[in-house]
Amino acid sequence: YCNTQATTSDAAGRYAFTLMMGRSCLLGVNAELATNGLTFVSRRQLVTAPPSVTNCDLTVALPSAPAYTLVAITNIPANPVSGASGDYAGGTINNDNRVIGNAGASGFGSSADDAFSWANGTGSLLAAPYPPGSVADPNYHRTLARDVNDSGLLVGEVQAWDGVSQYVIKSFTLQNGTNTWIDPPDGWSIGEPLAINNSGYMAGLGEVVKYDCNIFPVLWSPDGKATVLPANHFVTAPAGYTGTYSEPRSINNYGQAVGLSGFLNIYVYSISWYRAVQWQDGEAIDLAGTNCAGDAECSAYSINDLGESVGVLYKAQGSGHAVIYRDGGVTDINDSSSINVMLRSSEALGINNQGDIVGYVYDGTVTPFVASNHLSALGLESPAARADSLGARPKGGTSSCPPALWKDGQLYELSDLVVNMGDWSLNSAVSINEQGWITGGCQDGNGKYYPYVLIPLTNATPANIGVSPAAISVSGTVQPGASV
């Protein structure tokens, strides 16, 4: 930011700030009310001042409500073995507008038979080979797509039967039809990259001994070398929680990864006492600090290139609130009054560099981190898939948890912004790219699940930053058709 000092506008609505002479900086205006949380986030723009200019004035123009066109992705090929089709949901969208995802309306789902990739109107199933040590039986072969970077390099996972008693689990990268296996840390049983950045660095988790219920954070370099990250939980394990669980969920283009670290009750595979963590330069950073103390719980799901991450914070015995972690602090971005007075809780799942956030709100009856099954009933799945199957990872919305968009400080129910909803309903919103495209899962009038993309319409007026004197140049990304 050009200026991290809090400031207020004058009578003309101008904000004063100072630029370093001759330097460019990213200008982001964050107008906040301490009592109600975030009320406005501006567009982000690059500002450059010549050496002769130091003191500047800033004005902010409010945007109009956004609007979107729904494109339901209905052309994913049927499963070649079962013949089933549909029941997919988008999981990630990159800046080339490529969507990846998995079978299952949740968008993650350990019951997935197929993972898919969709771009430029064409969908395809991922062609992952059988991992070493497995039997080539199509009835026991599943793929999971985890993330994709802007060059189309996809990271995922394949599970196949060993012919005796268990699944063989192996992670891979896939690009232009070329598959590369990703190994776990030396001597470990499992390594699962869950996120990848544009440099090819991957963040995820690993398990030394399969099913020992101690899951550690791992970073992979572009050449596939695995480094175990510190699993700092910042709290003492409660009674009965003898396992550990650390999971980086997102990594930005500067190598900062965010996720959660917590403890496992190995008998019910319940993840509890978790904290939002950022891994950077080989260290684990407590994102929430005293804002997530005692028996409160919090997590981070997505991080942008400004180092801002979003997630959820559960106060003791309370409902979850969507939060943004930045500059060493935590801001509650939950303000459900613009949707429905009964919707009082929320989770934020994705954020782009403009500060636009997607997630969902819910009425307090849904608990995203519920787990009650015994570990022995889980089958032979990966650690992340085990958590998926028990609802121990966020799903991105359900029929009672409407997908939401936080944009320019306003909270919107996404379905209210779509101009061609028809008989469709939106079930989740999990990822948003720099063009403002959103992906998740939707449902047709017959109850069939599909991935979707929401494409912004060009007639919405974006938030705008005006800077004076005229000697200052302003540039940056705005919505299509808008100008600065």
Side-chain angles (χ1 to χ4, degrees), residues 68 70-73 87-95 97-110 112 115-118 144-149 154-156 194-196 247-252 258-260 299-304 309-312 320 322-324 333 346-352 356-362 366 368-369 384-385 387-388 391-407 412-415 417-418 424-443 449-455:
Y68 297 89
L70 170 68
V71 177
I73 302 174
D87 289 342
Y88 290 91
T92 298
I93 185 169
N94 70 6
N95 290 320
N97 300 325
R98 177 177 295 274
V99 176
I100 64 164
N102 302 304
S106 70
F108 301 104
S110 64
F116 74 88
S117 176
W118 177 91
L144 293 169
R146 295 300 190 184
D147 198 10
V148 62
N149 68 14
L154 181 147
V155 63
L194 301 176
I196 186 169
E247 179 185 284
R249 291 289 304 273
S250 176
I251 184 170
N252 68 12
V258 296
L260 63 87
S299 179
Y301 302 137
S302 177
I303 184 170
N304 65 16
S309 53
V310 293
V312 64
V323 293
I324 181 169
I333 58 174
S346 59
E347 292 200 18
L349 301 177
I351 183 172
N352 64 14
D356 302 332
I357 299 168
V358 294
Y360 64 92
V361 293
Y362 54 94
V366 179
F369 284 86
D388 290 341
R393 304 167 87 226
K395 300 302 184 185
T398 69
S399 58
S400 59
C401 304
L405 169 71
W406 291 265
K407 183 177 179 62
Y412 303 96
E413 185 172 342
L414 268 176
S415 60
L417 307 178
V418 179
W424 294 93
S425 59
L426 302 182
N427 286 7
S428 66
V430 295
S431 181
I432 183 170
N433 70 10
E434 296 309 311
Q435 288 74 48
W437 289 39
I438 298 169
T439 191
C442 64
Q443 194 172 10
Y449 294 99
Y450 296 95
Y452 72 80
V453 290
L454 294 184
I455 303 175

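Positions are given from 1, in the same order as the sequence printed here. The shown structure was predicted, so the numbers you read here are calculated from the model rather than taken from an experiment.
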#### Entry: Candidate list Ile438, Ile351, Thr439, test side chain to side chain contact (heavy atoms under 4.5 Å, CB included), partner Ile432, passing option
Ile438
Answer whether the closest heavy-atom distance between the side chains of [X] and [Y] falls below 4.5 Å.
X: Trp406; Y: Asp356; value: no
X: Ile333; Y: Ile357; value: yes
X: Thr92; Y: Val99; value: no
X: Ile303; Y: Ile251; value: no
X: Tyr452; Y: Trp424; value: no
X: Asn149; Y: Asn94; value: no
X: Trp118; Y: Val453; value: yes
X: Val71; Y: Ile455; value: yes

Strictly by modelled atom types, are [X] and [Y] linked by a side-chain donor-acceptor pair under 3.5 Å?
X: Tyr301; Y: Glu347; answer: yes
X: Arg98; Y: Ser117; answer: yes
X: Asn433; Y: Asn97; answer: yes

Minimum heavy-atom separation for [X] and [Y], please, with both atom names.
X: Ala115; Y: Asn102; answer: CB-OD1, 3.3 Å
X: Gly441; Y: Ser428; answer: N-OG, 2.6 Å
X: Gly259; Y: Ser299; answer: O-OG, 4.1 Å
X: Asn95; Y: Gln435; answer: O-OE1, 3.1 Å
X: Pro402; Y: Glu413; answer: CB-OE2, 3.5 Å
X: Ala145; Y: Leu154; answer: CB-CD1, 4.4 Å

### Query
What pairs with Asn252 under side chain to side chain donor-acceptor pair (under 3.5 Å), at least two apart in sequence or on another chain?
Gln256
When rounded to the nearest 0.5 angstrom, what distance separates [atom1] in [X] from [atom2] in [Y]?
X: Ser431; Y: Leu349; atom1: OG; atom2: CG; result: 10.0 Å
X: Leu414; Y: Tyr360; atom1: CG; atom2: OH; result: 14.0 Å
X: Ile196; Y: Ser250; atom1: CD1; atom2: OG; result: 12.0 Å

#### Entry: Partner residues of Trp437 under the ring pair (Phe, Tyr, Trp, His ring centres under 6.0 Å) criterion, sequence neighbours left out
none
### Query
Between Ile73 and Tyr450, is a side chain to side chain contact (heavy atoms under 4.5 Å, CB included) present by the stated rule, with each step listed?
CA-CA 6 Å; Ile73 302 174; Tyr450 296 95; 5.6 Å; no
